[in-house]
Amino acid sequence: MPPATWPDAALPGIMHLLQSGLVSDSRIIGVSLDDFDDHAFREFAGEAYREFSTRAIDEQQWAEFALELSYVNVKAGPEALATAAAGLGGRASGESPDDCTT
């Protein structure tokens, strides 16, 4: 098996910290050259979480956590990242945990 990449290794750990109450109310912006939007990034992250988590997976908790994930393509430049970071105060209009299950 190839070595784990960022979402493979990090997301299960971040999820565990949130479930344990050691980290609260966090937002994460994924940044890479992949052609993702928020929804595609959440699907990618969910697949990595399910594959690499060593703990039982609660789909409802995952769906709630997934709403805290956003994505910016590096090619969009620093302004796009700044805009995404400025918007971290709330979810996109109309999103619910049910939108993040795969």
Side-chain angles (χ1 to χ4, degrees):
M1 176 183 300
T5 61
W6 174 83
D8 302 339
L11 285 174
I14 294 168
M15 240 336 258
H16 176 66
L17 291 172
L18 290 166
Q19 290 171 332
S20 300
L22 297 172
V23 172
S24 63
D25 204 22
S26 296
R27 300 283 311 226
I28 297 170
I29 301 174
V31 179
S32 78
L33 291 171
D34 293 307
D35 288 325
F36 291 140
D37 57 14
D38 287 350
H39 181 75
F41 177 66
R42 290 172 182 152
E43 287 183 357
F44 171 78
E47 290 170 12
Y49 173 63
R50 288 175 190 87
E51 182 175 348
F52 293 97
S53 180
T54 59
R55 294 175 176 80
I57 296 173
D58 179 312
E59 290 298 329
Q60 183 61 33
Q61 285 182 327
W62 165 254
E64 291 171 8
F65 173 68
L67 288 176
E68 307 305 326
L69 301 176
S70 301
Y71 182 80
V72 174
N73 189 298
V74 171
K75 293 181 265 184
E79 297 82 14
L81 182 57
T83 298
L88 291 181
R91 296 180 177 137
S93 175
E95 287 184 311
S96 74
D98 294 334
D99 295 332
C100 296
T101 56
T102 56

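Heavy-atom basis, side chains included; hydrogens, waters and symmetry copies ignored.
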Please name the pair of heavy atoms, one in Ala80 and one in Val72, separated by the smallest distance, quoted to 0.1 Å.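 Closest pair (atom of Ala80, atom of Val72, distance): CB-CG1, 3.9 Å.
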
Heavy-atom donor-acceptor pair, Arg27 side chain to Leu69 backbone, under 3.5 Å: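 No, the answer is negative, given that no donor and acceptor are paired below the 3.5 Å cut-off.
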
Calculate, to the nearest 0.5 Å, the distance between atoms OG and CG belonging to Ser70 and Asp38 respectively.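 Reported value, rounded in 0.5 Å steps: 4.5 Å.
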
Atom pair OH (Tyr49) and CZ (Arg55), whose distance is rounded to the nearest 0.5 Å: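 Between atom OH of Tyr49 and atom CZ of Arg55 there are 9.0 Å.
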
Just do the side chain to side chain contact (heavy atoms under 4.5 Å, CB included) check on Tyr71 and Asp34 with the steps written out, would you? CA-CA 10 Å; Tyr71 182 80; Asp34 293 307; 3.8 Å; yes

Given side chains that start at C-beta, do those of Glu59 and Glu64 come closer than 4.5 Å, heavy atoms only?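 Answer no - side chains too far apart.
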
Would you say the side chain of Lys75 lies within less than 4.5 Å of the side chain of Leu33, judging by non-hydrogen atoms?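 Yes, close enough: below the 4.5 Å cut-off.
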
Going through the distances and angles, do Phe65 and Ile14 end up as a side chain to side chain contact (heavy atoms under 4.5 Å, CB included)? CA-CA 10 Å; Phe65 173 68; Ile14 294 168; 3.9 Å; yes

Stepwise, does the side chain to side chain contact (heavy atoms under 4.5 Å, CB included) test hold for Leu81 with Val31? CA-CA 8 Å; Leu81 182 57; Val31 179; 3.9 Å; yes

Let's go through Trp62 and Arg50 carefully: what are the C-alpha distance in whole Å and the side-chain angles of both, what is the deciding distance for side chain to side chain contact (heavy atoms under 4.5 Å, CB included) to 0.1 Å, and is it a yes or a no? CA-CA 10 Å; Trp62 165 254; Arg50 288 175 190 87; 3.3 Å; yes

Flag the pair Arg42 and Glu68 as a salt bridge only when some basic side-chain nitrogen lies within less than 4.0 angstrom of an acidic carboxylate oxygen.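 No, Arg42 and Glu68 are not salt-bridged.
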
